[in-house]
Each structure stands twice: as structure tokens, then as C-alpha cells.
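Here the structure is laid out as C-alpha cells; the discussion comes afterwards.
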Amino acid sequence: MGTREAVFVYSRELEKYPYPPEHPFNTIRAKRVREIVSSMGLLSGAGRREAAPELVERVVLKKFHSARYLHALKEASEGKFNAEALGMGIGTPDCPVFDGLYDGAVLATGGTLVGAKLILAGEADAVFNPSGGFHHARPERASGFCYINDVALACMILAEEGKRVLYLDVDVHHGDGVAYAFYGRRDVMTISLHQNPRTLFPGTGFEDEIGSWEGEGYCVNIPLPIGTYDEAYMKAFESLVLPLIGAFKPDVFVLELGADALAGDPLANLCLTNNVYAEVIGHLLSFEKPILAAGGGGYNIDNTVRAWALAWSVLCGADSENQEHALGGVMLGSTDWQGGLHDRTLAVSNHQREAVMPAIENTIKTIKATVFPIHGL
Ligand SMILES: [Zn+2]
């Protein structure tokens with residue numbers, strides 16, 4: 001494949017549109033990720049560079065969103081807010097109206113779409129836009145902190161060019177906006193691993209939601225019990241996701257990298273370390289196809305920033321180069337943590353093991369029975 005080209009997407013312009021201070025979604029995360037990876041020298045040199053988000057025309061947004069919704073979103077953003085907008089989820093506590101909301105959402109989307117463009121042009125093998133990942137936005141509804149669904153749009157644009165797209169969503173919440181956008185299609189396979197929807201927003205993403213018509217078997221939902229830990233998560237990933245990728249044979253991956261599945265996230269209840277994120281990306285890289293990664297949730301800011309910095313270091317090939325120095329996650333003799341960006345391993349109690357593993361094994365069994373045969377597995 002020659003030298004891999006990895007592109008990190010950011011622009012100071014993104015800093016102009018923060019959510020209200022009391023809102024959990026904090027756009028400072030992307031800025032801090034960039035600072036860390038820049039200080040590590042991971043934004044330049046052979047095979048690594050930066051790009052800025054591109055401008056996105058309304059006609060492109062309309063591939064996914066209705067004209068009526070985009071109009072209401074822009075008007076609300078400019079202070080012209082009405083009941084019709086509220087009916088579309090604009091101006092709720094989750095999706096508040098704030099200054100520059102529309103321009104900020106479009107710019108963040110432009111970060112993901114410039115990545116799709118670079119991949120289509122053969123100019124990038126891995127792209128990371130930590131300012132993207134708004135997987136809950138619907139064609140005519142703002143939802144779950146999301147206004148414009150950059151990842152659904154990226155999948156659409158890649159599919160329009162004839163690519164087989166594998167959308168993988170590791171955010172702790174079900175990637176509903178993307179899953180339902182392609183529910184009846186088989187050129188975009190969506191796989192979402194998330195906390196069991198009985199216990200978390202948005203309340204969808206059960207294992208029996210597998211797509212319909214042509215798309216049956218091309219939507220995969222892997223609900224995870226409260227307390228899911230690294231080993232259990234990777235068992236589900238390796239038993240289900242890897243064979244499905246192998247069977248689907250994607251041309252490109254779109255990855256929603258919400259970091260709210262990490263232990264200590266204030267909005268969710270899983271117990272992962274960022275080593276899972278590194279392992280998942282490592283597995284995707286082994287397929288030697290381009291990866292378009294976007295951010296997403298992640299409400300423990302420090303943990304999210306470290307996970308995304310680690311994700312970038314894996315995507316751009318630096319993490320494997322560093323392994324022999326950093327001993328990825330191993331405690332050395334001193335009291336200093338020598339794992340670099342890698343989290344320490346978390347202890348798992350027997351009680352946790354007994355609560356989590358049987359549920360995961362059940363889910364694996366169910367999906368193997370319902371989805372695998374459709375793919376000849
Ligand atoms: Zn989330």
C-alpha cells in the first residue's frame with residue numbers, strides 16, 4: 001500500500017461555536033486533542049498532515065436533512081426561533097439554540113466531509129475529525145446534542161461513489177441516526193456497539209433491529225450490559241464484528257469514535273479503558289482499507305481527550321512504533337505511569353464478570369443465529 005497518509009482535521013474556526021457552558025457537550029475536546037498530538041510531533045512528517053474543514057453547501061446537507069429542517073435550524077441560530085423548530089427538536093435542553101449554532105454544526109460536518117473527499121481522491125488512508133460524530137441527528141430532527149449528521153452524510157457520499165461502506169459506531173449510545181438512514185440498504189453496513197438501550201438514551205438499538213427489505217442483516221446492533229469491561233467488549237467485537245467485516249468486504253470504514261463508553265463517563269455506565277479504542281482501530285487497520293474517523297460523545301473531558309489522542313496515534317501509525325518504548329499499558333518499577341496515552345488496566349470484580357459475560361455471550365449467540373446466515377457465515 002506504500003506510505004499511509006493520515007490526515008488530522010482541525011481549524012481554529014471551530015472554537016468560535018461552543019455549546020452553552022452548562023451543556024455537557026464540550027467542543028474544547030478537539031482543541032486539546034490537537035494540542036497533545038501536536039506536542040508529540042504527530043501532525044507532521046512522513047505520512048502525517050493536517051487539513052481544515054471544507055465549506056459544505058446546503059445542497060449537500062440536503063442529501064440527508066430536509067430543507068424545512070435546515071431552514072428552521074439556520075433561522076433559530078439567527079435568533080428567529082419558533083414552535084415549528086421546537087417540534088423538530090431544536091431548542092430543547094439536549095439540543096439548545098445558541099449563537100452560531102448553524103455555522104458551527106455545518107463547519108464540524110465539513111471536517112468529516114473533507115475526509116470523505118480526501119479518501120475518495122486517494123489522498124488519505126486515515127482521517128480523524130475529532131469535531132464530528134453527530135450520529136443522533138435525523139433528517140428532520142435534532143436529537144441527543146446533534147443537529148447535522150456528518151457521519152450519515154459521509155456514508156452517503158462514499159456510497160454514491162460506489163464504495164461499500166462499513167459504518168462502525170463505538171459511542172456508548174446507539175448510532176440511531178445513521179443506522180436508520182441505511183436500514184433498508186445493503187451498500188452501507190452499520191454496526192453499533194452501545195450500552196443496552198433499556199438503560200440509556202436513545203432507547204433503540206436492540207439486537208433484533210437488523211435492517212429491513214434489502215438491508216436485512218446489514219444493520220447490526222450489539223447492546224452491552226452496564227459494567228461491560230475491556231475483555232468482554234473485545235469478545236463481542238472479535239466474535240461478531242470481525243467476521244462481519246470479513247464477509248461484507250468494505251471498501252472504506254466510517255468510524256464514530258464516541259469516548260463515552262470509557263469508565264467514569266458521567267452520562268453512561270460502561271467500564272472500558274482506552275485500550276479498547278486502540279485495539280478496535282488496530283483491527284480495522286489490519287483490513288488495509290481507508291478509515292474515516294469522527295469524534296462523538298465523551299463527557300469525561302480528560303479521558304476523552306486522552307482516548308482520542310491515542311486513537312490518532314494508532315491511526316497515524318505512531319502507537320505501534322512507540323510500543324516497545326511505552327510498553328503499552330504496563331506498569332514499570334517506578335511509581336510513574338509508563339503507558340503514555342494508554343489507560344491502566346482496570347480490575348474486574350467477580351460480581352461484574354458474572355453480571356456482564358452471560359449477557360454478552362447471549363447477544364453473540366443471538367446475532368450469530370439471526371445475522372450471520374445472511375452473510376454466509
Ligand atoms: Zn454518546
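Remember, it's 1-based here, ligands and their atoms both numbered in the order they're listed. Excluded from the calculations below are hydrogen atoms, water molecules and symmetry mates; all remaining heavy atoms, backbone and side chain alike, are included. Residues: numbered from 1 along the sequence shown.
Taking the six-membered ring for Trp and the full ring otherwise, H283 and F253 have centroids separated by 6.0 Å or more.
Note on D260: its N/O/S atom closest to the Zn ion (ligand 1) is OD2. Looking only at its N/O/S atoms, D171 has OD1 as the one nearest to the Zn ion (ligand 1). Looking at H173, its N, O or S atom nearest to the Zn ion (ligand 1) turns out to be ND1.
Between F98 and Y19, the ring-plane angle classifies as tilted under the 30° and 60° cut-offs.
For the pair R34 and F8, the cation-pi criterion (under 6.0 Å, within 45° of the ring axis) is not fulfilled.
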* Asked: Does the side chain to side chain donor-acceptor pair (under 3.5 Å) test come out yes or no for D260 and H173, once each step is laid out?
  -> CA-CA 8 Å; D260 39 12; H173 303 95; 3.1 Å; yes
